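Here's the structure we're looking at; comments come further down.
Just so it is clear, the model here is predicted, and its values are computed rather than measured. Labels below follow one simple rule: chain letters A, B, ... track the order of the sequence lines, proteins then strands, and each chain is numbered from 1. Values below: every heavy atom of this structure, side chains too, minus hydrogens, waters and symmetry copies.
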Amino acid sequence: MADPDTKSGLGGRVSAVLTQDRRRIAYAALAAVLLFALGALVRPGFASPGSVSAVLVVASFVGLVAAGQMFVVLIGGIDLSVPWVLNAAAILMVTSSLGQDGRAAYALVLTLGMGLGVGALSGVGVALFNVPAVVMTLAMNGIMQGLTLGLSGGMTCGSCASYAPPVVRAAVHASLLGVPAALWLWVAVAAAVSAVLSLTGFGRRTYAIGTSARASYLSGINVSAVTVALYALSGLFSALAGVMLVGFGGQAALGMGDPYLFQSIAAVVIGGVAILGGRGHYVGVAAGTISLVTLVSVLMALNMPEYGRSIIYGVIILALLLLYGREAGET
Amino acid sequence: MPPDAPPVRARRPRLAHALAQNLGFVLAAAMLASSLAIYCGVFYGAQGTLPGEFELTSAVNNTMPLVLAAVAQTLVVLTRGIDLSVGGVLDLTNAVAAVSLGDTVAGMVGGSLLVLLIGAACGLLNGVLVAYGRLQPILVTLATLSIFQGLAIRVLPQPGGQVPEGYTAALANPSGPASLAYVALLALLWWGLRRTRLGVGLYAIGNDEGAAAANGIDPRRTKLLTYMLAGTCSAMAGLFLAANATAGDATTGNGYTLASIVAVVLGGVSLFGGRGSAVGAIMGAFVTTMIVNILFFAHIDPLYQSFYEGLFLVAAVLLASLIGRLLRRR
């Protein structure tokens, strides 16, 4: 068998030091740094601490959703229900808390529980009833959209205009040691997700299922249970992002979850997670998220019109895919 | 994804065998028949009369873009891919149609050809990246979706432009269900395609790419042509959309990506490739239109519409797999 790296030229010699996984993470991190440098060139002050921290806070919301998305992509699945689980969570947070601090804890538990439950339901459909993940989560997205619109009367309900409880808003906007709370949360989530995936049996089972569901099943792994748990986690992270967003912006809005589907999938892929499952790390996804959000910020700093941003966004994702998203060539 | 025992190859009665082989198609036909019946029922309940020519005309004209988008999606799904850029191609071609269709017959034909060429070029881009770039279809088309949407807004920043009356009369005639002829033509073309080298090849690579290659089918060439054909179908959908709306909008196509996947799934096309038919997907497209109509005439709050659509999608897929399992057990 030929060396798989001979085709990619230079890669061959470096691969001894950098495994394929590490190389992908390095690419994503390098892209983020280069983008900040580029931003500083076109707009002085872009790389100032304040500006960097603002970009990172925006990235943290995408990063939370991407964490959930990565869990399901690791077993070869996908979660298309992100937009309306996130949106439903944001609206449930304000309508159940009514903007009162006293109800904040109750609302938080209710909202995160909703995300967990909806995700688990998708997982049950995928794992126990063999519904393809694309269909199940697509349908779940529709179900959540209909429920959210219907129950809130299209955001005309009395409590829909409520603000997030002040205590939640203060928590999201607080900062510790000069670093915003949203970033602390993201760092904690990143550490927890990485630890779960790399150090626990659950993490090893996740990678095993992503590599081969059949072999995992035959070696005694409860594939269905792990699958349900992973989809539940994805729902939980979407809901958490919804809570953070509503805490950050104050109010909920219809359609606020829409951009997060595309961005979470793109971040997961740019971060070097194989879309067919089995390989990838959250460090890479976090780096991918930061480069993606930085790219958007740089394009906005360039006063690029919307259509141009959309085109360049697609072209850059294609370029990154061609750089390292290729399947091993046979034939 | 969960492990399933390989199907046991035992002898079965011929009818049961034929049913099991074409289960998706049969179920799609049954779904279409029952949704039509329910639609007639609720329509009669609401209006005191059965739906007539006007209802048929508007249903066909409104569904034509989805029919074509579903055919495009079927082509790609049969090769074990998925095309998320369908909506982007619709956006782009719809926008181009709105600014390029001339008032003369020659202008209309020329404009339409330009639009179809653009669709084929979009498909070419997807196909090259998937077949020769060895990238995952879902990722390629997610990225190209963004590109096509951007180009569409560049072409037509605000909804507008205009479609000549004659063009609307030809593609989406509002005074009679003439567009049914296009549906029949599509079914006929599909019947023909199934018998060409490309048609056989795309089913073959969807079932087993290695085996197909070993039997003299060039998977890359087949995929490239499939994506180009799919792009052309999406462009036709853009033309029908423009004809029906008599104007262009660079964002109306967005919903068609997901709608086409729903139609394909309802039509019994397997998302794992190699199984299904565009005729099934066309029926699936009409089922989705019927569901919207049923919800409307049953006076269900339109805000809940996507809730029922999602519920129906899951129920349909569960039902199909349940019946499939029962048939296989016998």
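- Only the side chain of Ile82(B) comes within contact range of chain A, with heavy atoms under 4.5 Å apart.
- By the 4.5 Å heavy-atom criterion applied to side chains, Leu271(B) and Pro132(A) are counted as neighbours.
- With a threshold of 4.5 angstrom between heavy atoms, Leu147(A) approaches chain B through its backbone and through its side chain.
- With rounding to the nearest 0.5 Å, the separation of CG in Leu138(A) from CD in Glu309(B) is 10.0 Å.
- When all heavy atoms of Leu321(A) and Val140(B) are compared, the pair lying nearest together is CD1-N, 4.4 Å.
- Rounded to the nearest 0.5 Å, atoms CG (Leu258(B)) and CG (Leu80(A)) are 7.0 Å apart.
- Heavy-atom pairs under 4.5 Å with chain B were tallied for Ile317(A), Val135(A), Val134(A); the largest tally goes to Val135(A).
- Residue-level contacts of residues 302-314 of chain A with chain B, in order of numbering, are Glu306(A), Tyr307(A), Ser310(A), Ile311(A), Tyr313(A), Gly314(A); threshold 4.5 Å between heavy atoms.
- Ranked by heavy-atom pairs under 4.5 Å with chain A, the list Leu151(B), Leu322(B), Thr144(B) is led by Leu151(B).
- Between Asp301(B) atom CG and Leu149(A) atom CG the span is 9.0 Å, to the nearest 0.5 Å.
- Atom CD1 of residue Ile275(A) and atom CG of residue Leu139(B) lie 4.5 Å apart, to the nearest 0.5 angstrom.
- Put simply, the side chain of Leu151(A) reaches to within 4.5 Å of the side chain of Tyr304(B), judged on heavy atoms.
- Considering Val317(B), Val314(B), Leu313(B) in turn, Val314(B) is the only one that fulfils the side chain to side chain contact (heavy atoms under 4.5 Å, CB included) rule with Met136(A).
- Between the CD1 atom of Ile265(A) and the CD1 atom of Ile138(B) there is a distance of 6.0 Å, given to the nearest 0.5 Å.
- Both the backbone and the side chain of Leu142(B) come within contact range of chain A, with heavy atoms under 4.5 Å apart.
- Only the side chain of Ile261(B) comes within contact range of chain A, judged by heavy atoms closer than 4.5 Å.
- Taking all atoms of both residues into account, the shortest heavy-atom contact from Gly146(A) to Ser306(B) is N-OG, 3.3 Å.
- For Leu318(B), the part lying under 4.5 angstrom from a heavy atom of chain A is the side chain only.
- Sorted by first and then second residue, the side chain to side chain donor-acceptor pair (under 3.5 Å) pairs with a member in residues 72-83 of chain A read Asp79(A)-Ser81(A), Asp79(A)-Ser234(A); sequence neighbours excluded.
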